[in-house]
Amino acid sequence: MVRRIDVTGAGGVRLAAWEFADPPKPREAEGAPGGVLLLHGLMGRASHWAGTARWLSERHRAIALDQRGHGQSEKLPQGPYTREAYVADAEAALTQLGLAPAVLIGHSMGALTAWQLAARRPDLVRGLIICDMRASALGAASQREWEAWFKSWPVPFATLADVRKWFGEDDPWVERPNPSRGAFFAEVMAEGPDGWRPVFDPAQMLRSRETWVHDAHWEELIQVRCPALVVRGLDGELGRAESQEMVRVLPRGQYAEVADAGHLVHYDQPDAWRAAIEPFLDGVLTG
């Protein structure tokens, strides 16, 4: 069962939230108030969380959100695509879906949104999982590199097989063949008259990432009071030193790492990802 639930975000933006399995029966969910909201990263979509959401739904209500500009949510030409807008959308989703107090699970940009919301609205968040997201600013050069990377995409792609091959093998940013990366990007393509193109606007993605390119977010991390788990792939973008410093500054921080995984931890190693986060979730949701 896959069910779409419409949510109204900040400024009236139309958002799509998704359940990928039937929620547990009430008697199975006793003692576990609230639920789980899953937030994808930049360029992602809710369906990237389908596997995680399905095993979560065995015991908890788990919903993934297509964030503004992504998936089947509204893509306003002028946005805004600010940190404030993304956080306000997640807050609206929590309250309208009746998930609070919730555990937030965020990957990359979604993790930043999650910890900013946890800092601002501790009454809505009972636990937090941060997957491969840095708290430090990336620097202006990163934005220029991403702009050039978007321009290098050979769009439109003739087939989804071409999408998987380019992002999994031929993309200059790929150091070695990575089928899970190809699958990840195939999920965010839509077919048009001339071939396959991304469902998002690259210009909107660049605007979305501006605030973590130029700004650090340590202060908001320090303000998170709920239990928080920082997860990194050993070959991901979050380095060990920074991840351990994030755990240190979090008042109730914990750490986990996943071997043989890059930035797309939950796609690269889904079983190891589950093993890394399930004990934390059990403690927060049923403890």
Can we call the ring centroids of Y255 and F280 under 6.0 Å apart? no
Looking only at the aromatic ring of each residue, does the gap between the centers of F167 and W153 stay below 6.0 angstrom? yes
Name all residues meeting the ring-ring contact (aromatic ring centres under 6.0 Å, His included) criterion together with H48; count only those two or more places apart in sequence or in a different chain, and write none if there are none. F184, Y267
I'd like to check the ring-ring contact (aromatic ring centres under 6.0 Å, His included) partners of H217; sequence neighbours left out, ordered by chain and number. none
Can you list the residues that meet the side-chain hydrogen bond (donor to acceptor under 3.5 Å, both in side chains) rule with W146, with sequence neighbours excluded? none
Residues in side-chain hydrogen bond (donor to acceptor under 3.5 Å, both in side chains) with D194, at least two apart? R197
Between CG of D89 and CD of E74, what distance do you get to the nearest 0.5 Å? 10.5 Å
Nearest-0.5 Å distance that lies between atom CE in M189 and atom CG in D162: 11.0 Å
Spell out, as yes or no, whether a donor-acceptor pair under 3.5 Å connects the side chain of [X] to the backbone of [Y].
X	Y	value
N178	G168	no
R232	L238	yes
H70	M43	yes

Under 3.5 Å, is there a donor on one side chain and an acceptor on the other for [X] and [Y]?
X	Y	answer
S73	R45	no
W273	T52	yes
S243	R134	no

Salt-bridge contact D201-K75 (side-chain N to carboxylate O under 4.0 Å): no
R4 with E19: basic N within carboxylate O range, under 4.0 Å: no
Using 30° and 60° as the class boundaries, would you call the ring planes of F185 and W149 parallel, tilted or perpendicular? perpendicular
Please work out whether the ring planes of W49 and H266 are parallel, tilted or perpendicular, with thresholds of 30° and 60°. parallel
side-chain contact (heavy atoms from CB on, under 4.5 Å) with R252: which residues, sequence neighbours excluded? P227
In sequence, state the C-alpha distance, the side-chain angles, and the governing distance for R3 and D22, and then conclude on salt bridge (charged side-chain N to carboxylate O under 4.0 Å, His left out). CA-CA 9 Å; R3 182 167 72 102; D22 291 326; over 6 Å; no
Other hydrophobic cluster members with F20, side-chain heavy atoms of Ile/Leu/Val/Met/Phe/Trp/Tyr under 4.5 Å, chained? V2, W18
